[in-house]
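For reference, the structure is listed below as structure tokens.
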Protein chains: 2
Amino acid sequence: MTTPSSKAGTKGVPRADRERQILAAATEEFGRHGYEATTVAAIAGRVGVTKPLLHQYFGGKQDLYLACLDPIGDRLLDAIHTAMAEHDTDAPPTPLRVLSALFTALDGRREAWFVLYDPTLPSGSDAARRAAYYRDAIDDLAAAGTAELLHTAGTTDPLDADALKYAWRGLCTALVRWWINHPDQSPEAMARRCARLIEAAHTILSTGDGTM
Amino acid sequence: MTTPSSKAGTKGVPRADRERQILAAATEEFGRHGYEATTVAAIAGRVGVTKPLLHQYFGGKQDLYLACLDPIGDRLLDAIHTAMAEHDTDAPPTPLRVLSALFTALDGRREAWFVLYDPTLPSGSDAARRAAYYRDAIDDLAAAGTAELLHTAGTTDPLDADALKYAWRGLCTALVRWWINHPDQSPEAMARRCARLIEAAHTILSTGDGTM
DNA sequence: ATTCAACTTACCCATTGGTAAATTACCTTA
DNA sequence: TAAGGTAATTTACCAATGGGTAAGTTGAAT
């Protein structure tokens, strides 16, 4: 069944491998240009294959998008979840742990982040709904974190918490974008850089208050 | 010349007014869905007009985009520039002043921010180049600010400065996005909220350092 | 009635998502 | 080793969408 003892009909690249190639290429294209601006032919061309093969393997363009979305969504969700769970004493603070987990999860597929946050998805489509599901799930995790942080700071306005959630997401997005533009940087180097930046922000907020 | 003493041919809405309507609608559509996912017909429909009118008034789709880009680019550039210039003693710190200026400049055209940061622009096009010009100009202003901040904090790595620039831009983007989802909030309310959030971030970074 | 800006109808054509039918190349088996 | 089977893949096509244009139509002011 899963092991078709026969090896007849083995032209070209095995389907499983080809599917992986296609998914990788599609994820990068979708992430880089957005759903609408991405053409199926371009993805096919990247893999060195023609359009109908993608359709046979994955169905329509939207199905292909979903096939890209699900793995990265689950991966990110899981990474963030476990990163937030392990609050050891004298471990790095939660935001840094989350960032570090993010970089590790996105290593080799950095553009995938933007598959989740694609504004060109046809509104009302299945794809848009599923992407929203993952975004919300991640946001819920972030919400827990930011709420806790704001509580520590004594702020209670729920809108403030919501805005902080957005701000945090935007920060992550920006750092991933910077990372994409600096391909040589390892996930660990990114984590260290973020630690430095947070440290800098800390001292800045403490000292400068008049002119900055 | 500019005042055609004759008033013959005055059917419908005067051209100048119509052009304003179209630009407003186009800016919102481009900002909301991105260049590629926006159709000229959709913009026309929003104004209650048909496609050829847009072409007659503005030329092609890309020209229309440029007609949206230029005003908002200049406006933002100017707003940020003047906000960074006025460093009075006991004025709000620079980041807050910039944010405040941003919200004021974007009032009534919040989606315009995303016209500048549209990843779906056809790479290599005039539109992409012009958008990049504005982005770079704004980034240069931001670079001056972040470099100064990092210098204060004692960090010297130029890559760190670049990353911080990205982070700051991402923060602004996220806050604008939140603002779009909360239409009732005034620019001033947003500025106050940002002040609160920065304050909260300050106390958080000062106190929590083990578990957070 | 004429004029002229404002505006539309009706069309063209390139791109692109999608499909049906063939074809290639490897493997097995007689 | 020739025949058959099957997975992998392509060629050739269709239909819809969307940017763009040419030519006409409307209607207020003169």
Side-chain angles (χ1 to χ4, degrees), chain A residues 1-23 25-26 29-30 33-68 120-123 125-127, chain B residues 1-23 25-26 29-30 33-68 120-123 125-127:
Chain A
M1 296 236 178
T2 49
T3 327
S5 48
S6 161
K7 279 192 177 177
T10 54
K11 176 194 177 187
V13 178
R15 175 159 182 164
D17 293 3
R18 200 55 113 184
E19 284 183 345
R20 266 191 295 276
Q21 291 177 9
I22 293 172
L23 278 185
E29 286 290 306
F30 282 137
H33 307 295
Y35 179 84
E36 199 68 35
T38 299
T39 73
V40 193
I43 301 172
R46 215 187 164 82
V47 183
V49 132
T50 52
K51 211 174 27 164
L53 195 67
L54 306 209
H55 281 101
Q56 184 176 336
Y57 282 1
F58 292 96
K61 183 185 186 183
Q62 210 171 127
D63 301 303
L64 179 55
Y65 170 85
L66 287 173
C68 295
T120 75
L121 287 172
S123 51
S125 65
D126 263 10
Chain B
M1 290 243 178
T2 50
T3 326
S5 48
S6 160
K7 280 192 178 178
T10 54
K11 177 193 175 186
V13 177
R15 174 160 182 162
D17 293 3
R18 202 53 113 183
E19 283 182 345
R20 265 190 296 274
Q21 293 177 8
I22 293 172
L23 277 185
E29 286 290 306
F30 282 136
H33 307 294
Y35 180 84
E36 199 67 35
T38 299
T39 73
V40 188
I43 300 172
R46 216 187 163 82
V47 182
V49 133
T50 52
K51 210 173 30 163
L53 195 67
L54 305 209
H55 282 102
Q56 183 177 336
Y57 282 2
F58 292 96
K61 183 185 186 181
Q62 210 169 129
D63 301 305
L64 179 55
Y65 170 84
L66 287 172
C68 296
T120 75
L121 287 173
S123 52
S125 65
D126 263 8

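Every heavy atom of this structure was used, including side-chain atoms; hydrogens, water molecules and symmetry mates were not. Residue numbers start from 1 in every chain, and the chains themselves are labelled A, B, ... in the order their sequence lines are given, proteins ahead of strands.
Rounded to a whole Å, the CD atom of B:Gln56 is 16 Å from the C1' atom of D:dG19. Following rounding to the nearest Å, A:Glu29 (CD) and C:dT16 (C1') show an atom-to-atom distance of 15 Å. Going from atom NE2 of A:His55 over to atom P of C:dA21 covers 17 Å, rounded to whole Å. Between the CG atom of B:Leu54 and the C1' atom of C:dC7 there is a distance of 11 Å, rounded to whole Å. For the pair A:Asp17 CG and D:dA7 C1', the computed distance is 14 Å after rounding to whole Å. A straight line from CD1 of A:Ile43 to P of C:dT16 spans 12 Å, rounded to a whole angstrom. For the pair A:Gln62 CD and C:dT16 C1', the interatomic distance rounds to 15 Å; values are reported in whole Å. Look at NZ on B:Lys11: it is 6 Å from P on D:dG27, rounded to the nearest Å.
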Legend entry - Check against side-chain contact (heavy atoms from CB on, under 4.5 Å), B:Tyr65 and B:Thr38: CA-CA 10 Å; B:Tyr65 170 84; B:Thr38 299; over 6 Å; no
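Residues passing the side-chain contact (heavy atoms from CB on, under 4.5 Å) test with B:Leu23 are B:Phe58, B:Leu64, B:Ala67, B:Cys68, sequence neighbours excluded.
Remark: B:Thr10 is not in phosphate contact with D:dA28, judged by side-chain N or O atoms under 4.0 Å from OP1 or OP2. Checking the phosphate oxygens (OP1, OP2) of D:dT9, a side-chain nitrogen or oxygen of A:Arg18 falls inside 4.0 Å.
For the pair B:Gly60 and A:Pro14, both in contact range of DNA chain D, the more 5′-proximal nearest nucleotide belongs to A:Pro14. A residue-by-residue look at A:Tyr35 and B:Thr50 shows that B:Thr50 has its nearest nucleotide of DNA chain C further toward the 5' end.
Here the closest heavy-atom approach between residue A:Arg46 and residue A:Glu29 is recorded as NH1-OE2, 2.7 Å.
Side-chain contact check for B:Arg15 versus B:Arg18: every heavy-atom pair is 4.5 Å or farther apart.
In terms of polar N and O atoms assigned as donor or acceptor, the side chain of A:Lys51 comes within less than 3.5 Å of the base of C:dG18 in a complementary pairing.
Closest approach to the A:Val13 side chain among D:dT9, C:dC27, C:dG18 is made by D:dT9 (side chain taken as heavy atoms from C-beta onward). Of the candidates C:dA6, C:dA20, C:dT9, C:dA20 carries the atom nearest the A:Pro52 side chain, counting heavy atoms from C-beta on. Nearest nucleotide to the A:Val40 side chain, out of C:dG17, D:dT11, D:dG19: C:dG17.
In this structure, B:Thr39 reaches the sugar-phosphate backbone alone: every heavy-atom distance under 4.0 Å involves primed, P, OP1 or OP2 atoms, never a base.
Between B:Tyr35 and B:Phe30, the angle of the ring planes stays under 30°, which puts this pair in the parallel group of the 30/60° scheme.
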